[in-house]
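Per chain, numbering begins at 1; letters A, B, ... match sequence-line order.
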Amino acid sequence: MSQEILRAEGLRKTFPGVVALDAVDLRLRAGEVHVLLGENGAGKSTLIKILSGAYHPDGGRVLMDGRQVHIRSAGDAQRLGIATIYQEFNLVPQLTVAENLALGRPPRRFGFVDVERMEQQAGELLQRVGVDVDPRTPTARLGIARMQMVEIAKALALDARVLIMDEPTAVLTTSEVARLFAIVRQLRDEGVAVVFITHHLEEIAAIGDRVTVLRDGRSVAEVPANTRRDELVGLMVGRPIDQQYPRRPAERGEPLLEVRGLTRRGVFDDVSFDVRAGEVVGMAGLVGAGRTEVARAVFGADRYDAGQVFVRGRRLPPGDVHAALEAGLGLVPEDRKAQGLVLGADVAENLGLVTMRDATRAGFVDRSGLRGIAAKVAEQLGIRMTGLSQEVRTLSGGNQQKVVIGKWLAADANVLILDEPTRGVDVGAKVEIYQLVNALTAAGDAVLMISSDLPEVLGMSDRILVMARGRLVGELPAAEATQDAVMALATTEASHVR
Amino acid sequence: MSADVLPRRSPAAAWLAENGAVVALVVLVVALSLLSGDFLSLTNLLNVGVQAAVTAILAFGSTFVIVTGGIDLSVGSVAALSAISLAWTATSAGMPWPLATLVSLAVGVACGLVSAALIAYGKLPPFIATLAMLGIARGLALVVSEGSPIAMPDAVSELGGTIGAYLPIPLIVMVVMGVIAAVILNRTYPGRAMYAIGGNQEAARLSGIKVDRQLLITYALSGGFAAVAGIVLASRLASAQPQAAAGYELDAIAAVVIGGASLSGGKGRALGTLVGALILAVLRNGLNLLSVSAFWQQVVIGVVIALAVLVDTLRRRGTN
Amino acid sequence: MSADVLPRRSPAAAWLAENGAVVALVVLVVALSLLSGDFLSLTNLLNVGVQAAVTAILAFGSTFVIVTGGIDLSVGSVAALSAISLAWTATSAGMPWPLATLVSLAVGVACGLVSAALIAYGKLPPFIATLAMLGIARGLALVVSEGSPIAMPDAVSELGGTIGAYLPIPLIVMVVMGVIAAVILNRTYPGRAMYAIGGNQEAARLSGIKVDRQLLITYALSGGFAAVAGIVLASRLASAQPQAAAGYELDAIAAVVIGGASLSGGKGRALGTLVGALILAVLRNGLNLLSVSAFWQQVVIGVVIALAVLVDTLRRRGTN
Amino acid sequence: GGEGGGAGEAELKLGMSVSTLNNPYFVQLRDGAQAEAKTRGATLTVTDAQNDASQQVNQVQNFTSQNMKAIIINPVDSDAAAPAVKAAERVNIPVVAADRGVTGAEVAQTVASDNVAGGKMAAQELAAQLGEKGQVAVLQGTPGTSASRDRGQGFTQGIAAYPGIKVVAKQPADFDRTKGLDVMTNLIQSHPGVTGVFAENDEMALGAIKALGVKAGQQVKVVGFDGTPDALKAVQSGTMAATVAQQPKLLGKQAVEAAVRVAKGETVQKTVAVPVKVVTKENVADFLTS
Ligand SMILES: Nc1ncnc2c1ncn2[C@@H]1O[C@H](COP(=O)(O)OP(=O)(O)OP(=O)(O)O)[C@@H](O)[C@H]1O
Ligand SMILES: Nc1ncnc2c1ncn2[C@@H]1O[C@H](COP(=O)(O)OP(=O)(O)OP(=O)(O)O)[C@@H](O)[C@H]1O
Ligand SMILES: O[C@@H]1[C@H](O)[C@H](O)CO[C@H]1O
Ligand SMILES: [Mg+2]
Ligand SMILES: [Mg+2]
């Protein structure tokens, strides 16, 4: 057994109104992949932020190589050989990819930043993680998945002894996950200790060696990674989960959403599909296939060059979110921080964002009414918070996602477009969201679900649309769909389908 | 499902945490009472209120804008243009004063709408759009007045006076405008939309808020409040001056920021803004009473503004 | 595995997209050449350069600050205080002029450091910290000079003159400071850190950038540049004036924003700032040449500033 | 004269609100006032209204809170000062106006130089030095201020008497030396034939002289207004053709004298005209010594 490199003992961290970590121990060995498992809000991110110098613990201690260390800043952590990929992106959108990779330590010559060398080093790093991006591209222009790969490359650049990854796979598709795992294995074999956080339980056995389970801010168990899945769930949630994908097909009705020949030059081309009442239509595809773009265009968030969108047979004006919303459309966007939430506002305010206008009487907003609805929705989704007036910024990632979904529940949307709806959501809460989808369709609503989580698409859809390179390349009934069948379609060249 | 919950702070503590500038104001008032025997008289305190009025009213208008993450540099110029419009239409155009007052308000609102259109449809940064309006409104005020002050109609000038022997009307106007601002911000759809836009414009848009329209409302309100401030100012002087309120935009913004708003948007309250404006007025009044030399006054005002906000940020850090 | 990559634009198009204000400047120059026969002479163009110099140098300093997402309202006051410091130490304190010049630069840098300390350690919003410094520096300039201009040492006043018969030194100083600003922004660690801090302060911090220290450098640079601007200004007049450069902060910020920077940080270039400053100077020069009336000038400047930036944003939208 | 004296006078508190101290002219006015207050044993509090009429009203209001025995106001604007004066007189504090009058309210005394007359005198002097012919440019003060208005008006009236002189350009330079420099530089481009310049104050005139370089005093005659020390030096050296000197120190002194007397309940003359004088190379020596 390899030697212990980092140990945390009795870590404690409180925020106003919350004990995020109560008593957490963690033992990390060189050359292992150590999985942190826990529900949304269990304290995983808080724990790793203490190790990376972003937070200071209120109690407990951290030892490296048996000696106590004080990690006061990100710089301290870097010097100790700890590199971290945070759950939330920490890239500077205005800077190029190369600069983000060298952030805080660009190569210098005669005191000046050596841009050439920086870009060359960036190129090498990007190649190592297998991302085909010009290092001079402004980071803001990358899709979310490639941003994640850049984050990973940035951490690799530090040549750390301890590499912490907070939900790195949440925004990646299968093939990128495979490549990430290859990199992680290689690092592990080189003796790096990897801390790996994920809500995808199947990844645990695939990549992990040991698992520390957190519950309500305490470390409740340390078990081998090949522990049975239901046992892990039990440790984490405190109760068993019978069925991961509890889809209950509902009776199909009229088409609620009809999309005809939707085209935006250079982004997507001639996309047509229907979603009927009572139906869950899944949309699969590789990163960059254009699913998000289609969803945004349908919702009126972006303009399109040709095509039509109908809701209940009525045509929607293009580029008009408000009209879409009035027609009963709702969109849960893929990037909750940038597009879904007002981070500085509280939970109630965010949950009431869509309904606020309707809750206006004689010009005045019915705030207590809104709070009432918010309370109900929060309860329904099990949002973990100190109260409705907690700032959304301070919620854990998974709970933030629930708020975005809750906003549309409160609005009573009939056609819900979910773009990566369970990104960062724990197993228990996922099932709750699926139950919700069931309830919606049972009530005659329609759901379009875009997801890069193939098992989720397979498990929860009645029909599956597959996109590749901006085109709809196929449709599979749930009964016939398998991972292989979907992937085969997703990787077809668009030209073959034409 | 719920995390351990620590004891919540008392309502008073929570209120203070949100309105930290009050502490600075109280400290300032106590200090000045000790330093100057003239400070804590009723008449002087009423004076302070009157002296705060114009800045406060401008600042209420700026609060809307700052909550959306914008900035309005034109408020001083718009105040002057509005007052000149009133005096000119009442005098040279012979309009009855109530009508002239409406024209004046309309002018203020129109200036706000032009800025907003440049921002919402022209995608200009608010700084540039309102800087342009700063020049345009000031220039028009000079053109209309031909550079000379115009007497205000007597009926309107009453606004600069008192009710009974003591109660100054500017003070009442300030309080009324403050209440209106607070109600708009807290209780109306446009007000709540301002917070959402300032907090995350894209999220607001994707939640069905018509951002462009709300920005029009926001800057129109700022212009309207500037017009009221201009009228109050001109009433106090019984004369509308083309150069009035020059540079007041910085004071107005300072009042809003001292009051706890953030220039990056999503935060700000009418009460905080009032406190911010009072801090500035108390400071100027106090330094006059203490006979601090004119040159040193600027230094002292600078130091005290920094200290006032420092008290707040340090206190906040202490409680976290 | 590669996602579709958009076709890259041609280098010229890319350059223009990043420096859109150039288009506005060219349009303005062409229009003025057509309207006024006097505009396009070498001497007049050199004049424009000289008239742009002070604003441009202040604006280069402000560019650092704005790139970090901050704002510096104190640059005009700091320029005046620095110039007064030079003249006073050289005259009343009898210091040799090279030493006096160093003192003057040190004063500028010190002002910047104080603002930065308030921002970095006191957590004051930059608006408030530098508004405080605006008052403090102006007040100190008045106190030191007792409100009256002080003659500049002759040796320093040469800076306001020309090399040979034609080449104005302020122009050269402007270009040199611009190059320094560009090199700092593009090629040095502090410069790149400014972009990181302005783009995403948290990411910068978590990448090991010492944000506090970098902010000190940023505002110190702004103060230093302001001192140079103050010296150039005073040299042109051969006299240091306590009220010099009042209100220039808005011009400086406008130049930076017209030049394509964003007040929310992370964006901005020295070249853009230069173009912004030139636009303002060309505009004022042209209006003088065209004998536009005093009152209308302010209106026209406002309109043209809005149009200049509008050209840019509309063009940008067209290409996207 | 130092008549009176005694213990009571040490208590004598006077307030003075100056329109702006961002101008050497008013600094001199203040200095004259303070010197006089000192000799008379009065405490004089000086505030700076920063050219803002409403801030000035505030300051006068604050003086009443302080129970000043008399108030000296140097109005930012003659019209806008009236409400403040009325307010002071309502609580029986007498007011003396300095440098500029107050219209629409009674003051105990107005000590002023006449800006309209000054503007006329400037026109006459410039015309004389130009031989009653030529092209003239005017540098205007901050638009909308009474000083700019009155001087401009006086100059326009005065220059109308000389058909050989044409005013070819009027541009604002906001009473500021740097702006005077830049605006004059630009005017030379568009109006190379200009032989005379009237600047509505000395600061702008000094800027214009910088812009004219060696031409100042030779081909181009510049006339300023105020008689500040820098301007007097320029007149002496010949770069400035003339300045219309006000006597700010005297104005300040006179105002305090009147304030002290009205504070004691004495009656004073309604107006004291402190003369403005045209200063040229011939008589500049008298002003430099005083
Ligand atoms: N800055 C903060 N202020 C207040 N509360 C906070 C703050 N940061 C985290 N919390 C709270 O601490 C608890 C733990 O949060 P943490 O982010 O560590 O959870 P997590 O295990 O990473 O969850 P997830 O799986 O959803 O990412 C949550 O209840 C969260 O709301
Ligand atoms: N900011 C941007 N600027 C230019 N092109 C972009 C930008 N973001 C995405 N694209 C392009 O748009 C297309 C679709 O992007 P996106 O990655 O969002 O698709 P997607 O199918 O939603 O994938 P996923 O949701 O898995 O990330 C791709 O060709 C991508 O290169
Ligand atoms: O008399 C003064 C001076 O001329 C000053 O330069 C500007 O304001 C006027 O009132
Ligand atoms: Mg987390
Ligand atoms: Mg997507």
Side-chain angles (χ1 to χ4, degrees), chain B residues 69 71 73-74 77 114-115 118 122-129 131-147 242 246-247 249-251 253-254 257-258 261-264 293-310 312-314 316-317, chain C residues 69 71 73-74 77 114-115 118 122-129 131-147 242 246-247 249-251 253-254 257-258 261-264 293-310 312-314 316-317:
Chain B
I71 195 164
L73 297 174
S74 71
S77 299
V114 171
S115 297
L118 289 171
K123 304 289 170 219
L124 290 197
F127 188 93
I128 292 294
L131 182 71
M133 184 49 69
L134 179 155
I136 294 170
R138 180 70 64 194
L140 290 178
L142 287 162
V143 169
V144 171
S145 67
E146 293 168 16
E249 59 278 355
L250 289 189
D251 267 16
I253 300 168
V257 178
I258 293 173
S262 153
L263 285 178
S264 45
S293 104
F295 295 160
W296 280 107
Q297 277 197 23
Q298 304 204 36
V299 179
V300 176
I301 291 177
V303 171
V304 176
I305 287 179
L307 282 181
V309 184
L310 206 56
D312 191 26
T313 59
L314 293 182
R316 217 171 279 215
R317 242 196 301 184
Chain C
I71 195 164
L73 297 174
S74 71
S77 299
V114 171
S115 296
L118 289 171
K123 304 290 171 219
L124 290 198
F127 188 93
I128 293 293
L131 181 71
M133 184 48 71
L134 179 155
I136 294 170
R138 180 70 62 192
L140 290 178
L142 287 163
V143 168
V144 171
S145 68
E146 293 170 17
E249 58 279 356
L250 288 189
D251 268 15
I253 299 168
V257 178
I258 293 174
S262 153
L263 285 178
S264 44
S293 100
F295 301 158
W296 281 106
Q297 276 196 20
Q298 306 205 33
V299 179
V300 176
I301 292 177
V303 171
V304 176
I305 288 180
L307 283 181
V309 183
L310 207 56
D312 190 27
T313 59
L314 293 182
R316 216 170 279 215
R317 241 195 302 181

field: Interface moiety of C:L263 toward chain B, non-hydrogen atoms closer than 4.5 Å
entry: side chain

Pairwise side-chain contact, C:F295 with B:V144, heavy-atom cut-off 4.5 Å (strictly under): no

- prompt: Can you tell which of C:P242, C:A137, C:G135 has the highest number of heavy-atom pairs within less than 4.5 Å of chain B?
  reply: C:G135

- line: Interatomic distance, CG@C:L134 vs CD1@B:I305, rounded to 0.5 Å, equals 9.5 Å

message: So which residue, B:G139, B:S293, B:S77, ends up with the most heavy-atom pairs under 4.5 Å with chain C?
response: B:G139

query: Would you say C:T313's side chain and B:L124's backbone share a donor-acceptor pair under 3.5 angstrom?
result: no

- prompt: In terms of heavy-atom proximity below 4.5 Å to chain B, should C:E146 be classed as side chain, backbone, both, or neither?
  reply: backbone

message: I'd like to know which of B:V257, B:V300, B:I258 tops the heavy-atom pair count under 4.5 Å against chain C.
response: B:V257

field: CH2 on C:W296 to CG on B:L140, rounded to 0.5 Å
entry: 6.0 Å

field: Region of C:A129 in contact with chain B, defined by heavy-atom distances below 4.5 Å
entry: neither

statement: Among B:V303, B:L250, B:I301, the residue with the most heavy-atom pairs under 4.5 Å to chain C is B:L250

field: Closest approach of C:L131 to B:A254 (non-hydrogen atoms, all atoms of both residues)
entry: CD2-CB, 3.3 Å

message: If I compare all heavy atoms of B:A132 with all of C:G302, which pair ends up nearest, and what's the gap?
response: CB-O, 3.1 Å

- line: Whatever's closer than 4.5 Å to a heavy atom in chain B on C:I253 counts as both

